There are 2 protein chains.
Amino acid sequence: MDDDAQVALPPGIDLLWGLRPRPRRGPKPTLSLDRIVAKAVEIADAEGLGPLSMSRLAEDLGFTTMSLYRYVASKDELLTLMMNTAAADVPVPSDPAEGWRPGLARWARETLVLFRRHPWALQIPISGPPLEPNNLAWMEYGLRSLAGTGLAAGEKIGVILLINGYVRNEARLSGELAQGMQQRSSAQPTPTYGQALRRLLDPEKFPYLWEIVESGVFDDDESYGDAEFEFGLERVLDGIEALVRERSAGSASADLG
Amino acid sequence: MDDDAQVALPPGIDLLWGLRPRPRRGPKPTLSLDRIVAKAVEIADAEGLGPLSMSRLAEDLGFTTMSLYRYVASKDELLTLMMNTAAADVPVPSDPAEGWRPGLARWARETLVLFRRHPWALQIPISGPPLEPNNLAWMEYGLRSLAGTGLAAGEKIGVILLINGYVRNEARLSGELAQGMQQRSSAQPTPTYGQALRRLLDPEKFPYLWEIVESGVFDDDESYGDAEFEFGLERVLDGIEALVRERSAGSASADLG
DNA sequence: CGAAGCAGTGTACGTGATACACAGTTAGAC
DNA sequence: GTCTAACTGTGTATCACGTACACTGCTTCG
C-alpha cells in the first residue's frame, strides 16, 4: 500500500529525482551516467540531434553500444537527461529588489542563451510540461520575479509560458537562419531567401511579399539579431505590464479595505 | 548558360512550383502525388508523424513501398509537400476596410486552427524560411493587413514572425496538454501535472512553483483554452500597436511636408 | 513499328534502436 | 572464507525504416 511507485512517471524523471535504486553489488562501473550525458550533449551541441545515435555516442566514449543501456533505459530517457543537463547552468538568484520587469527580461535573455548554446533542445519532442529538476528550477527562477505582482497563479503561469514561447520562437528563427548561412557557405550553392523568392514569386499574386523582397531585407543574412529580440521582448513585456497594472490596482483597493 | 536550374532549391520546392518536368511516355499512372500526400496528411492528422512511415503509407494506399518513390524523391520531400497541403485551406481575402489589428487577429486565429488541425506541422524539422506556395500565400495574407501601417519592410516581417511564433507556441502548448490527457485516459496511469509536481517538488526549494501547485491550476486538464489564447494575443497586438502608432506619427509628419 | 522512357514491383542493403544471453566481477549472506 | 545473487561490459540477433537497384510490362514519340 505504498503510494510511492504507484503512478508512472515519464522515463528518466525518476532517475533525475534520485528515485531509482542504485545497484549495490557487481563490478565497479567504468562508465558513468554523467559521462554519457555530457558526451551526448557535446555531440548534439556540435552537430545536432541527427548524428547523435547510440552507437556514435558509445564509440566516442570508447565503449560498445549496448553498454550505454546499463545506464539509460532508452534513447528517449537519454534525451530527457540531456534536457535536464542543458538547463543546468542555473541562473543566479536575482536581487529581490529587482523589479518584475527587469527580472523577467533577464530571465528571457538567459533562456535565449540556453537555446543558442543547445539548439537541439528546441527539437526534442516534448510530451508535456517539464518535470526535470533543472527545468523546474528554471521555471521557479522566472516565477520569482512575479512574486510581488499580485497576479493569480494561473496568470503567472500564463506569463511564464508566454515569455518562454517568445524566446523559443526567436531562438528557432535565428537557428534556422544560421543553418541557412552554414549551408550557403558549404559545397552546393543554396540561394539566399531573397534570391529564391525572386525566382519563384509572381509579383502580381504576391504583391505584399514582393514589396518586402524588393526592399532587400531578405538578402542579407544578418536579419535576426539581438536588437530584434530586445524589441520584441519589450513589446511582450508591455502587454504583461498592462495586466500587472490592472491586477495591482484591483488588489491594492482590496488590500486597503 | 540558362540560369533556371542554376541554384539548388530545397527538395520538393521545385515540384510545388511546377518546375519539375512532367513525364511524357510510359504507362498511365495509377497512383498520384495528390493521393499520396493527402493520405499522408490523413495519417499524420490522426496518429502523428511517428506512425507515418513510407511502408505504412503505401500499405494504406494499396501499393508497395517503392511505388511511392516514383512520385516523391524522399520522405523529406514528402514532408515538404504535406506542409504545403496543410496550409492549403487558404484564407479568404479580407475586407480591405478591415483595420490592421482585427486583420492580424483573424490571421492569428486562422493560423491557430491550422496548427490544431495539423499538429504534426509543428514538429516537421524546418531548415529555413518557408518556400512552399501555400505557406507563402499564408504569409502574404498576414502582410496584407499591415499594408497601411507605414511600417518598414523589416518591421512588417518582424511583426508577422512575432505573431506566427506566438500562435505556434500556443498551439504547441495546447497540443502537449491534449496529448497528456489522452495518455491519462489510456491504460497506464499517468499522473496529472499537479500530482506529479506534488510528489517530486520540495516546497522549500521551489517555493514559488509550490504556491502555484497548491493553487490547483495544474490539476484540471482544461488549462489552456481559447480565452488564454485571446488574452495573450491582445497583449502581443498591444505591443505591435505601440510600434504602429510610433511609425504612423513619424510618417504622417513626413508626408505632410 | 521499334526503342526510349516510365509505372509498379521485388529484392537487398545500411543504419539505428534495442532484446537477450554470456562471461567475468563484486558485495553481502552464511 | 566461501558462495551466490546482482551487476558490468560485450557480442549477437532482430526488427523497423529509408531507399538504391534491377526487372517486367506498357505507352508514346520518332
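Below, chains carry the letters A, B, ... as their sequence lines are ordered, and counting in each starts from 1. Note that these values count all heavy atoms, side chains included, but never hydrogens, waters or copies made by symmetry. What you are looking at is a predicted structure, and each value in this text was computed from that prediction instead of being measured.
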Detail all sub-3.5 Å separations between protein N/O atoms and N/O atoms belonging to nucleotides 10-15 of chain D.
residue	atom	partner	partner atom	Å
D:dT10	OP2	A:Thr64	N	3.2
D:dT10	OP2	A:Thr64	OG1	3.1

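Close to C:dA27, at under 4.0 Å from its OP1 or OP2, lies a side-chain N or O of A:Lys28. The side chain of B:Tyr71 places no N or O atom within less than 4.0 Å of a non-bridging phosphate oxygen (OP1 or OP2) of C:dA7.
A:Arg22 has its CZ atom 17 Å from the P atom of D:dA6, to the nearest Å. Between the CG atom of B:Leu61 and the C1' atom of C:dT9 there is a distance of 15 Å, given to the nearest Å. Rounded to whole Å, the distance from CZ on A:Arg24 to C1' on C:dA29 is 15 Å. At whole-Å resolution of the value, CG in A:Leu78 and P in C:dG16 are 15 Å apart. Summarising the geometry, the separation between CD1 on B:Ile36 and P on C:dA7 is reported as 11 Å, rounded to the nearest angstrom. Atom NZ of A:Lys75 and atom C1' of C:dT15 are 11 Å apart (whole Å). The CG-P distance, from B:Leu33 to C:dA7, rounds to 11 Å in whole Å. One atom, CD of B:Glu77, and another, C1' of D:dT19, lie 14 Å apart when rounded to the nearest Å.
In the set D:dC7, C:dA17, C:dG8, the nucleotide with an atom closest to the side chain of A:Ser53 is C:dA17. Closest to the side chain of A:Tyr69, out of C:dA17, C:dG24, C:dG8, is C:dA17.
Applying the side chain to side chain contact (heavy atoms under 4.5 Å, CB included) test to A:Pro119 and every residue at least two apart in sequence or in another chain returns nothing.
Residue pairs that meet the salt bridge (Lys or Arg N to Asp or Glu O under 4.0 Å) test with at least one member in residues 71-83 of chain A, sequence neighbours left out, are A:Arg20-A:Glu77.
Of the charged side-chain nitrogens involved, at least one lies within less than 4.0 Å of a carboxylate oxygen, so that B:Arg116 and B:Asp226 count as a salt-bridged pair. Ion pair B:Glu47/B:Arg56 flagged as a salt bridge, since at least one NZ, NE, NH1 or NH2 atom sits closer than 4.0 Å to an Asp/Glu carboxylate oxygen.
Toward the 5′ end of DNA chain C lies the nearest nucleotide of A:Ser55, the other residue of the pair A:Ser55 and A:Ala73 mapping further downstream. Nearest-nucleotide assignment on DNA chain D puts the 5′-proximal partner with B:Met54, out of B:Met54 and B:Arg25.
One N or O on the side chain of A:Glu140 and one on the backbone of B:Tyr208 form a donor-acceptor pair closer than 3.5 Å. Side-chain atoms of B:Trp210 do not come within 3.5 Å of backbone N or O of B:Leu197 as any donor-acceptor pair.
Considering CG of B:Leu200 and CG of A:Leu19, their distance stands at 6.5 Å, rounded to 0.5 Å.
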